[in-house]
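Reviewing the structure listed below.
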Amino acid sequence: MLRLINTHVVGYSNEILRVIGQIFVDDVSELPSSTGIAGYELVQSSVAYVIRSGKLCIMDSDGNWRDMDGNQISEV
């Protein structure tokens, strides 16, 4: 389950809100791509809380998710 709980709008383009998002997912396999949530584009500094593992993940400038040690979790 993916839940977008908070957004900070940083721009708007082609009917898509560009946001720094705060999301919850059950598993790392559910981490969305930067355009994986309809109507939104997640940008650098978006945060994902992974419930099962307790990981905190941050989106980098290339749209990849990284853990708190800088290890890449998912690739665009």
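Numbering starts at 1 and runs along the sequence shown. Since the model is a prediction, treat every value here as computed from it, not as a measurement.
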Anything under 3.5 Å between a donor and an acceptor, one on a side chain of residues 43-57, the other on a protein residue two or more places apart or in another chain? List them.
{"unit_1": "Ser46", "atom_1": "OG", "unit_2": "Gly21", "atom_2": "N", "d": "2.9"}
{"unit_1": "Ser46", "atom_1": "OG", "unit_2": "Val43", "atom_2": "O", "d": "2.8"}
{"unit_1": "Tyr49", "atom_1": "OH", "unit_2": "Gln22", "atom_2": "NE2", "d": "3.1"}
{"unit_1": "Ser53", "atom_1": "OG", "unit_2": "Lys55", "atom_2": "N", "d": "3.3"}

- Task: May I ask you to decide if Asp62's main-chain N or O and Asp60's side chain share a donor-acceptor pair within less than 3.5 Å?
- Result: yes
What is the distance from atom [atom1] of [X] to atom [atom2] of [Y], rounded to the nearest 0.5 Å?
{"X": "His8", "Y": "Asn6", "atom1": "NE2", "atom2": "CG", "result": "10.0 Å"}
{"X": "Met59", "Y": "Ile73", "atom1": "CE", "atom2": "CD1", "result": "12.5 Å"}
{"X": "Trp65", "Y": "Ser33", "atom1": "CH2", "atom2": "OG", "result": "10.0 Å"}
{"X": "Arg18", "Y": "Thr35", "atom1": "CZ", "atom2": "OG1", "result": "11.5 Å"}
{"X": "Thr7", "Y": "Leu17", "atom1": "OG1", "atom2": "CG", "result": "7.5 Å"}

Between [X] and [Y], is there shared hydrophobic-cluster membership here, with clusters defined by ILVMFWY side-chain heavy atoms closer than 4.5 Å?
{"X": "Leu2", "Y": "Leu42", "value": "yes"}
{"X": "Val9", "Y": "Ile23", "value": "yes"}
{"X": "Val28", "Y": "Leu4", "value": "yes"}

- Message: Contact between Ile37 and Val19 at the side-chain level, heavy atoms closer than 4.5 Å - yes or no?
- Response: no
- Message: Please enumerate all residues that pass side chain to side chain contact (heavy atoms under 4.5 Å, CB included) together with Asp69, with sequence neighbours excluded.
- Response: Asp67, Asn71
- Inspect the surroundings of CE in Met68 and state if more than 12 heavy atoms from other residues, nucleotides or ligands are less than 6.0 Å away. no
- Item | Minimum-distance pair of heavy atoms, taken over all atoms of Glu30 and Met1 |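 In this case the closest contact between Glu30 and Met1 is OE2-N, 2.6 Å.
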